[in-house]
Structures are given as structure tokens and as C-alpha cells.
Amino acid sequence: MMMREARLKLSDGTVFCGRSFGYETAVEGEVVFNTAMSGYPESLTDPSYAGQILVTTFPLIGNYGVPDTGIGSNGLPLFMESDRIHAKALVVSDYSEQYSHWNAKESLASWLKREKVPGITGIDTRRLTKVLREHGVMMGKISLTPDLSPKGEGSDDTQDYGSVNWVEKVSCKDVITYQPDGKKKKRVVLVDCGVKANIIRSLIRRGIEVVRVPWDYDFNELAFDGLFLANGPGDPEQCSKTVANIRTFLNNKNVRPCMGICLGNQLLARAAGAKTYKLKYGHRSHNQPVQRVSSTQCFITSQNHGYAVDANTLPADWEPLFVNMNDGSNEGIRHKTNPWMSAQFHPEACSGPVDTEFLFDEFVKMLG
């Protein structure tokens, strides 16, 4: 197919030239890279990528197409992590026009165009990744014209990534309840900061009734057996309302179990009194090694986050649960006496690995 020239310009002035294979418009966003070899349908629909231009370091993308994007009888996507693409654009080295897979329904290009999301191929993603690793993530703009000014064709003139409350943009607006297929065991409130569908699937598959509430909803007046803090995009400092609600939960004399994933780890830490900070280029991959603290256990995990918990600021009654074996950053926390824990990585990850899926079982056991 004929492809129009497209360009990516980073905020430091570096320009990468390629060809458009998605929707033809200009966008701005924070440019981040993911080193996973597969899972582009799941990554693109992960709300944690809201406001970001996703770069895939694995060169061949699109060769297995896109599965059914429909919704199942339980109200959750059949294969995706949400009901739409959240990434602002996709940047790849080599887009495969031909695709083959047992559940493929359309090409990646067709899906991007239908969702009005730009895609660029022909970019030297190795060089681009080196720039991002050395400089750190930065804002960038995709343009389909020679004009690369901030207000070029189709631009929405995005602000600095960290200044936007992306959680507010992706969270559900109303309370949604999901029932398990079999006998209900317990009722869990899930705070939707940009939850991935497979987190909900993982809970209802274990017999849990899930009550999904908006990011700023005061869930403390509800009747429930446990609290689940979901993943989501952006800076946890933007979620002060969520943190305040979590802190009320932690101070309640009626102690109930709590588990957090990704942003949920950061929000739980902030509610406990710890601080968070922005990583230089984040963890976005399927191969992050984490060690369970005070053990020799190491797990390979899937991750997608740009912020982390400063474990040195944890209060005395909290402790690290996991640590990243590449850079030593925090990968989870737990309370020393109460049934509260969190993981910075994704135990439920699609398309894997699922080495740490047992954490869901530990949470269900805590519910009693």
C-alpha cells in the first residue's frame, strides 16, 4: 500500500522520518518505549498508555493482526484490555502488512485507522530507544507535513505529560458491578484508575464479585470485603482524592484486605505516607526481573509504569515486598501486620508472563 511520509520530532529537536500506516493526523505525547516481543493489541488498549506515543523495540509488528475487539457477555472486552486504544500513536521499525493468526480479524493498520490513531513505520527504533535511554522520556510530536511546529496539522497541543490528570480521563464514570460465573465468595471494591480488563477477569474467575468505582469515588461508605487498587496512567501526585479515600480505608478500625497493582502500588504507598518519583525512562516490557524481599525467589514480570515508590520513605510499619533486580527500584510493598500488599508489576499480564499470578490467590485467601 502507498504510505504517506511521516515524522516524529522529539522535544530535544531530534527528528525521525518514516511512513504512515495508521490514521493520518498529527498528535503530541510523551514518547516511551516497550521492549516486549508480542502483545501490541493489549498494550495499545492498556489505559496506562494514555497520553503517550508508544515505541516498540521489537522490529516486526503487525504480523499476527488484531483479534476481535468486541465485548463479551460479562461486559468485558473479549481479548483487549479496554474498549479502545489509549496510546496516542504507535511507532515501529517494520510494519507487516500481511498477518496470520487463528483469532485475527483485521490488520493492525485497519484497526489504527478505525480508532483514528496514527502509526509510523520505517523508524530506526534502536536509535530512538538509545536517545530515550540516555536523555529520559520526553515529549514528541508526529506530523504528516513538513510543518513540525506545536500547532501543526491535527495537533491537540498537549501539555507537559506530568501536568495532566490522565487517570481522570480514563477512569469509568459510574459504578459497575461484575458477577462471577459460579458461586460468589466475596465482594471487592476495585478503584478504577485505568484498570486493565484482565485484572477484573482474574478476580471474577476466582469467584469474586467486583464493584468497579471511579478514581475519585468515596468507596468507604459501601459494604465490601476487600479493596483492590488498579493500574493507570500518569503521575500518582495527580490522584490526591484517591489517596485520601485510601487513607480513610487504612485508618478504619474494621481492617479489611487490600491489594494494589502498578499505579495502585504507588497510591497505596502515598496513602501510607511514602513518596513517589519519576523514573528516567520507566519500565515497559515483559522481562523485568523482580526479587521477593528476604528470599531468593526471582520472577520475570510484565510492567508498564513511569513512576516508582521511594522505599526509603516508607513508614516503620510498612516494608518493601519486591525489588527490581535491574535498577533496585521498588516493586511492591506490604504492611507488617495488616493484610495490605501491592505489586508494581502486572501479575495478570496479557500476553504474559504469568509467573506471579499467585498474588491473586494470596489476596483471595486474605479475604477469608
Side-chain angles (χ1 to χ4, degrees), residues 34-39 42-43 45-49 76 79 81 185-186 188 190-191 193-208 210 226-232 236 257-269 276 279 282-309 311 314 318-336 338-367:
N34 186 310
T35 63
M37 295 175 65
S38 62
E42 293 87 353
S43 291
T45 54
D46 180 353
S48 293
Y49 278 113
L76 295 170
F79 297 102
E81 293 294 355
K185 296 178 180 178
K186 295 290 181 177
V188 166
L190 182 146
V191 181
C193 292
V195 66
K196 293 171 63 179
N198 206 41
I199 290 177
I200 301 175
R201 294 189 198 107
S202 297
L203 290 170
I204 62 177
R205 190 166 59 243
R206 289 168 170 80
I208 303 299
V210 177
L227 178 65
F228 202 101
L229 308 174
N231 64 292
C258 175
M259 178 175 172
I261 287 179
C262 198
L263 179 64
N265 177 57
Q266 300 159 26
L267 296 179
L268 181 61
T276 54
L279 295 165
H283 299 153
R284 299 175 182 90
S285 66
H286 288 175
N287 60 350
Q288 288 286 332
V290 304
Q291 181 178 355
R292 193 160 193 160
V293 176
S294 301
S295 81
T296 57
Q297 290 180 301
C298 180
F299 305 96
I300 301 302
T301 67
S302 174
Q303 302 192 19
N304 175 19
H305 63 102
Y307 295 81
V309 173
L314 285 171
W318 290 79
E319 63 185 359
L321 180 55
F322 296 96
V323 63
N324 190 290
M325 297 188 71
N326 283 337
D327 61 11
S329 62
N330 177 261
E331 291 288 356
I333 63 173
R334 67 179 172 188
H335 193 271
K336 292 181 179 179
N338 293 329
W340 305 328
M341 67 173 185
S342 57
Q344 187 60 62
F345 48 87
H346 284 272
E348 85 301 335
C350 285
S351 54
V354 290
D355 299 31
T356 55
E357 193 175 7
F358 66 86
L359 290 175
F360 283 95
D361 298 320
E362 290 188 5
F363 176 61
V364 172
K365 287 179 182 177
M366 291 193 301
L367 295 172

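Annotation: the span from Ile261 atom CD1 to Leu229 atom CG amounts to 9.5 Å, rounded to 0.5 Å. In this structure, Cys193 SG and Leu263 CG are separated by 5.0 Å, a value rounded to the nearest 0.5 Å. Rounded to the nearest 0.5 angstrom, Leu227 CG and Cys258 SG are separated by 4.5 Å. Residue Lys196 holds its NZ atom at 8.0 Å from CD of Glu42, rounded to the nearest 0.5 Å. For the atom pair CZ of Arg292 and CZ of Phe322, the computed distance is 4.5 Å after rounding to the nearest 0.5 Å. For the atom pair Leu190 CG and Ile200 CD1, the distance stands at 5.5 Å (nearest 0.5 Å).
The shortest heavy-atom contact between Asn326 and Pro289 is ND2-CD, 3.4 Å. Closest approach of Pro236 to Tyr307, counting heavy atoms only: CD-CG, 3.8 Å. Pairing each heavy atom of Gly332 with each of Asn265, the nearest pair is CA-OD1, 3.5 Å. Heavy atoms only, all atoms of each residue included: Pro347 and Met259 are closest at CG-CE, 4.5 Å. Summarising the geometry of Ser285 relative to Thr35, their closest heavy-atom pair is CB-OG1, 2.8 Å, with the distance given to 0.1 Å.
The backbone N or O of Thr296 lies less than 3.5 Å from no partner atom in the side chain of Gln291, so there is not a single donor-acceptor pair. Judged by distance alone, the side chain of His346 and the main-chain N or O of Ala349 form no donor-acceptor pair under 3.5 Å. With Asn330 contributing its side chain and Pro320 its backbone, the two residues share no donor-acceptor pair below 3.5 Å.
Side-chain atoms of Trp318 and Trp340, non-hydrogen and from C-beta on, do get closer than 4.5 Å to each other. Leu321 has its side chain out of reach of Val293: every pair of non-hydrogen atoms, C-beta onward, lies at least 4.5 Å apart. In this structure, Gln344 and Ile333 have side chains that are not in contact, with every pair of non-hydrogen atoms separated by 4.5 Å or more. Side-chain contact check for Ser43 versus Asn34: some heavy-atom pair is nearer than 4.5 Å. Side-chain contact between Thr301 and Asn287: absent, with no pair of heavy atoms (C-beta onward) separated by less than 4.5 Å. Side chains of His286 and Met37 form no contact here, defined as non-hydrogen atoms less than 4.5 Å apart.
Using a cut-off of 4.0 Å between Lys/Arg side-chain N and Asp/Glu carboxylate O, Glu319 and Arg334 are scored as salt-bridged.
If you check the side chains of Glu348 and Asn198, you find no donor sitting under 3.5 Å from an acceptor. A donor-acceptor contact closer than 3.5 angstrom is absent between the side chains of Glu331 and Gln288. Asn304 and Asp46 form a side-chain donor-acceptor contact under 3.5 Å, judged by distance and modelled atom types alone.
Under the rule for a salt bridge (charged side-chain N to carboxylate O under 4.0 Å, His left out), Glu81 has no partner lying at least two apart in sequence or in another chain.
Annotation for Lys365: atom NZ does not count as buried by contact number, only 12 or fewer foreign heavy atoms lying within 6.0 Å. For Met366, the CE atom sits in a packed shell: over 12 heavy atoms of surrounding residues, nucleotides or ligands are nearer than 6.0 Å.
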Next on the checklist: Could you walk me through whether Leu76 and Ile204 satisfy the side-chain contact (heavy atoms from CB on, under 4.5 Å) test, starting with their C-alpha distance in whole Å, then the side-chain angles of each, then the deciding distance to 0.1 Å, before giving a yes or no?
Outcome noted: CA-CA 11 Å; Leu76 295 170; Ile204 62 177; 4.2 Å; yes

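Taking the six-membered ring where the residue is Trp, the centroids of Phe228 and Phe363 are separated by under 6.0 Å.
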Sequence neighbours left out, cut at 3.5 Å: what donor-acceptor pairs do the side chains of residues 350-361 make with other protein atoms?
residue	atom	partner	partner atom	Å
Ser351	OG	Ser38	OG	3.2
Glu357	OE2	Arg205	NH2	3.0
Asp361	OD1	Arg206	NE	2.7

